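A short write-up of the structure that comes next.
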Amino acid sequence: MIIPKNIEEVASYVEKGNHVFFFTADWCGDCRFIKPKMPEIENDFSDWSFVEIDRDAYIDLTAEWNIFGIPSFVVIKDGKELGRLVNKDRKTKEEIEDFLTQTIKGF
């Protein structure tokens with residue numbers, strides 16, 4: 001999991017490459033629920049880099065991207081958004097992997 005140090009680093013991941021942005025926060029119980037499964041999800045989608053975005057550290061970006069619930073996921077390939085799983089619901093590993101499979105098939 002990539003943890004960016006600043007907004008410029010986040011922008012570099014948006015502009016180029018295959019990235020899944022994982023919006024989270026330390027205080028979020030549903031985020032803590034899925035976080036132990038993230039290494040397995042990353043392994044299952046190893047052609048994609050996962051970027052962890054702390055909602056509180058990047059609150060302006062979170063608002064700009066209309067992330068109003070966490071945990072949430074946004075898939076971006078070379079600057080183009082391919083899909084998003086954005087809501088405030090608890091997500092299971094299976095739900096996330098189904099979303100990723102449907103979103104990135106063919107890429």
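Residue numbers count from 1 along this sequence. Please read all numbers here as calculations on a predicted model, not as lab measurements.
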Just wondering, do [Y] and [X] contact through their side chains at under 4.5 Å, heavy atoms?
{"X": "Leu85", "Y": "Ser72", "result": "no"}
{"X": "Leu61", "Y": "Val10", "result": "yes"}
{"X": "Phe50", "Y": "Ile41", "result": "yes"}
{"X": "Phe99", "Y": "Val75", "result": "yes"}
{"X": "Phe33", "Y": "Pro71", "result": "no"}
{"X": "Lys91", "Y": "Phe73", "result": "yes"}
{"X": "Val74", "Y": "Glu81", "result": "yes"}
{"X": "Phe22", "Y": "Ile53", "result": "no"}

query: Is Lys93 atom NZ crowded by more than 12 heavy atoms from other residues, nucleotides or ligands, each under 6.0 Å away?
result: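 Yes, the 6.0 Å shell around NZ holds more than 12 heavy atoms from other groups.
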
- request: Answer yes or no: are there more than 12 heavy-atom neighbours, outside Asp26 itself, under 6.0 Å from its atom CG?
  value: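 No.
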
Holding to side chain to side chain donor-acceptor pair (under 3.5 Å), I want the full list of residues that pass it with [X], two or more places apart in sequence or in another chain.
{"X": "Arg90", "value": "Asp30"}
{"X": "Glu42", "value": "none"}
{"X": "Glu52", "value": "Lys35"}

Which heavy atom of [X] sits nearest to which heavy atom of [Y], and what is that distance?
{"X": "Trp48", "Y": "Ile76", "value": "CZ3-O, 3.8 Å"}
{"X": "Ala25", "Y": "Ile70", "value": "CB-CD1, 3.6 Å"}
{"X": "Trp65", "Y": "Arg84", "value": "O-NH1, 2.9 Å"}
{"X": "Asp56", "Y": "Asp54", "value": "N-OD1, 2.7 Å"}

query: Can you name the residues that form a side chain to side chain contact (heavy atoms under 4.5 Å, CB included) with Asp60, not counting sequence neighbours?
result: none

Going from [atom1] on [X] to [atom2] on [Y], what distance comes out if it is rounded to the nearest 0.5 angstrom?
{"X": "Ser49", "Y": "Phe21", "atom1": "OG", "atom2": "CZ", "result": "9.5 Å"}
{"X": "Ile67", "Y": "Arg55", "atom1": "CD1", "atom2": "CZ", "result": "11.0 Å"}
{"X": "Lys105", "Y": "Leu82", "atom1": "NZ", "atom2": "CG", "result": "13.0 Å"}
{"X": "Thr24", "Y": "Ile3", "atom1": "OG1", "atom2": "CD1", "result": "10.0 Å"}
{"X": "Ile34", "Y": "Thr92", "atom1": "CD1", "atom2": "OG1", "result": "6.5 Å"}

- request: Can you sort out the partners of Tyr13 under ring pair (Phe, Tyr, Trp, His ring centres under 6.0 Å), two or more places apart, ordered by chain and number?
  value: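 Ring pair (Phe, Tyr, Trp, His ring centres under 6.0 Å) list for Tyr13, sorted by chain: His19.
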
query: Excluding sequence neighbours, so at least two apart, what forms salt bridge (Lys or Arg N to Asp or Glu O under 4.0 Å) with Lys37?
result: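 Counting only residues at least two positions away or on another chain, Lys37 forms a salt bridge (Lys or Arg N to Asp or Glu O under 4.0 Å) with Glu40.
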
- prompt: Are Met38 and Val51 connected in the hydrophobic side-chain network, where two residues link if heavy atoms are under 4.5 Å apart?
  reply: no

